[in-house]
There are 2 protein chains.
Amino acid sequence: MNIAILGYGNLGRGVECAVKANADAKLVGVYTRRDPKTVSILTQGVPVRHVDEILEHKDEIDVLIICGGSATDLPKMTPEYAKYFNVIDSFDTHARIPEHFANVDKAAKETGHTALISAGWDPGMFSLNRLYANCVLPKGSDYTFWGKGVSQGHSDAIRRIDGVKDGKQYTIPVEAALEKVRNGENPTLTTREKHTRECFVVAEEGADLERIEKEIKTMPNYFADYDTTVHFISQEELDKNHAGIPHGGFVIRSGNIGWEGENKAIIEYSLKLDSNPEFTASVIVAYARAIARLNKEGSTGCKTVFDIAPAYLSDMSAEDMRAHLL
Amino acid sequence: MNIAILGYGNLGRGVECAVKANADAKLVGVYTRRDPKTVSILTQGVPVRHVDEILEHKDEIDVLIICGGSATDLPKMTPEYAKYFNVIDSFDTHARIPEHFANVDKAAKETGHTALISAGWDPGMFSLNRLYANCVLPKGSDYTFWGKGVSQGHSDAIRRIDGVKDGKQYTIPVEAALEKVRNGENPTLTTREKHTRECFVVAEEGADLERIEKEIKTMPNYFADYDTTVHFISQEELDKNHAGIPHGGFVIRSGNIGWEGENKAIIEYSLKLDSNPEFTASVIVAYARAIARLNKEGSTGCKTVFDIAPAYLSDMSAEDMRAHLL
């Protein structure tokens, strides 16, 4: 399958790495809104072009992976490019998924393309695990914990504060809450009881640290509902110890089985990722295989991970899968 | 969907419980090879009939769930009943899956039925997680640990020893090995390093305990390759403390992501089950929904969990799934 990447930030670079790891995938182009001369990629011999040229290369591309932001990029880009390409995005604004799905579905169906929205791990692998666990255990409670990992949105929020030069925020699940859930206690957990937030902040010289700390800890939505710790560190320390983008989390369903629900069953799915964007990209490329196949079979329109049989993700034959993985 | 159960042991009873937990499922009959008068079930108003009568009730049954043993029952029963019904079994002899699949597929395709073999948790949910994790992380190592839980086969093996009245065997994953895997160390683990075995044995009066313990610990295939502990206890103790059939386990894929595989990603799926047969049955009933739907859509022949899109397992609408679980 011939893959093209639209947008070359952390996620685009992750897709490039994931394409390399899949023998049946080939990167045929990287498209950017920047001046292509300023973008240097890892793969030798693959062209970097301005996005305005993409339609000229339409026939080379089996699947276009759109690596844009969910706030403003993807709601426009995915429906637009679904008119010309099979597309995948990682749209992650949960509340706006129905609207985004409808727009992409319409564009893809009208033009005979196949699209997948919201691929990655949440939404994505976590959603799949929520669905499977809910089907298997109709009586039960769902828990999702995130972290330990870097939240881009919260790090951005810190950096917008006056007097802050740089900063990074880690979301950390509360171990005691996790243990209660794993023990089948089905606790009702407040926001504060589920996660803590840890901030590493580089302040500008002479800035009022007390004010900055207070502004962070009382910021509505982002920090006010959490137990938040703030550490002021130097830029050198931040660059040295907090350069990565790790993340992960836990999806747990705690259910009851048996005639009167007298027995417990706990299903837990967890991820521990050194690189959030590289893992998200790995999921996307596995689904690119599925999308290329579904399009060849004539199955068009917008899909989600719920609609795609697992076998479509693999480059193994059905016989090999049954013999070696079942 | 109207469900019938063929075979009423632990698994059949589990299916009965799982049907009760799913509002859109209805139990329409239990079929047995025993004298139906000797079989009493939990659901009021549902007939128990001899298996010889099952074809007379063909039209009442959307999906027949075959609860037999993998050694001799299912290889014959599933292909035979796939001629008349949509069927599901939990065939778990991994090495013979290809042959079983071919037999069931032929019978189901020739008669326009839909079948699912090897539903449950291993094979089943564990297989699904092995497949997804392998597709997402093409570079990596797979680890499956079982337990802590009761192994029926090993418990049977103990009970066949001369001088043993009763007994139960627990398979226990080695915590240190699990930790190494979770830390991304990608260890090469021997059989002995992955699991220990703990046996609770009720000996006949005057039996030679030393001989029994030695026979257990040196039994080829079953115990010889493991660190095994043997406890002699009374029948009362066994009945009181070891009556349950708990099980569970862990499927872990430890992979490398990034341009040169420089970053790690660990995917872990785990189950902790008070009742092995009740959970297996819960998986089966979720898939019964999928099999009934696929048959209505004209998709016939034998399937495995790999071939079925997750959405088919749920009684939610596609819109609700996208809005609430994605």
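Sequence lines set the chain letters: A, B, ... in the order given, protein chains first and strands last, and positions in each chain run from 1.
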Check: Which residues in residues 138-146 of chain A have any heavy atom lying under 4.5 Å from a heavy atom of chain B?
Finding: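 Under the 4.5 Å heavy-atom cut-off, A:Pro138, A:Lys139 qualify.
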Next item on the list: Please list, in residue-number order, every residue in residues 98-108 of chain A that has a heavy atom less than 4.5 Å from any heavy atom of chain B; write 'none' if there are none.
Entry: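 Hits under 4.5 Å: A:Pro98, A:Phe101.
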With chain B, which of [options] has the greatest number of heavy-atom pairs at distances under 4.5 Å?
options	answer
A:Ser118, A:Ala21, A:Gly258	A:Gly258
A:Ile257, A:Val283, A:Leu273, A:Ile252	A:Ile257
A:Asp122, A:Val251, A:Leu131, A:Asn134	A:Leu131
A:Asp274, A:Leu42, A:Thr43, A:Ile308	A:Asp274
A:Gly184, A:Ser282, A:Ala95, A:Ala318	A:Ser282
A:Asn263, A:Val305, A:Leu271	A:Asn263

Item checked: Heavy-atom closest pair, residues B:Asn10 and B:Ile245 ->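 Nearest heavy atoms, B:Asn10 then B:Ile245: ND2-CD1, 3.5 Å.
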[atom1]-[atom2] distance between [X] and [Y], expressed to the nearest 0.5 angstrom:
X	Y	atom1	atom2	result
A:Ser90	A:Leu116	OG	CG	10.0 Å
B:Asp307	A:Tyr312	CG	OH	9.0 Å
B:Arg182	B:Glu268	CZ	CD	4.0 Å

Margin query: Need one label for B:Ile267: side chain, backbone, both or neither, based on atoms under 4.5 Å from any heavy atom in chain A.
Written below: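 Answer is both: backbone and side chain atoms of B:Ile267 are under 4.5 Å from chain A.
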Checklist line | Toward chain A, the part of B:Asn256 with a non-hydrogen atom under 4.5 Å | finding: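 Neither part; nothing is under 4.5 Å.
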Contact origin within [X] toward chain B - heavy atom pairs under 4.5 Å:
X	value
A:Asp315	neither
A:Asn183	both
A:Glu319	neither
A:Asn129	side chain
A:Asp92	neither
A:Thr304	side chain
A:Met316	neither
A:Leu313	both

Check: Among residues 284-296 of chain B, which residues come closer than 4.5 Å to chain A, judged by heavy atom distances?
Finding: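 At a heavy-atom separation under 4.5 Å, chain A is reached by B:Ala286, B:Tyr287.
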Notebook entry, point to check: NZ of B:Lys264: more than 12 outside heavy atoms within 6.0 angstrom?
Noted result: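 Atom NZ in B:Lys264 is not packed in, count stays at 12 or less.
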Item checked: Heavy-atom check, side chain of B:Glu175 versus side chain of B:Leu178, under 4.5 Å ->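 The answer is yes; the side chains approach within 4.5 Å.
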Next item on the list: Please collect all ring-ring contact (aromatic ring centres under 6.0 Å, His included) contacts where either partner lies in residues 240-268 of chain A, sequence neighbours excluded, each pair once.
Entry: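 Every pair satisfying ring-ring contact (aromatic ring centres under 6.0 Å, His included) with a residue in residues 240-268 of chain A: A:Trp121-A:His247, A:Tyr170-A:His242, A:Phe200-A:His242.
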Check: Does one side chain, of A:Tyr132 or B:Tyr269, offer a donor that lies under 3.5 Å from an acceptor on the other?
Finding: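 The criterion, which ignores hydrogens and geometry beyond distance, is not satisfied for B:Tyr269 and A:Tyr132.
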Checklist line | side-chain contact (heavy atoms from CB on, under 4.5 Å) between A:His94 and B:Leu326, intermediate numbers included | finding: CA-CA 7 Å; A:His94 292 260; B:Leu326 194 68; 5.7 Å; no
Next item on the list: Tell me, out of B:Gly255, B:Ala323, B:Ser275, B:Pro277, who's got the most heavy-atom pairs with chain A below 4.5 Å.
Entry: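 Heavy-atom pairs under 4.5 Å are most numerous for B:Ser275.
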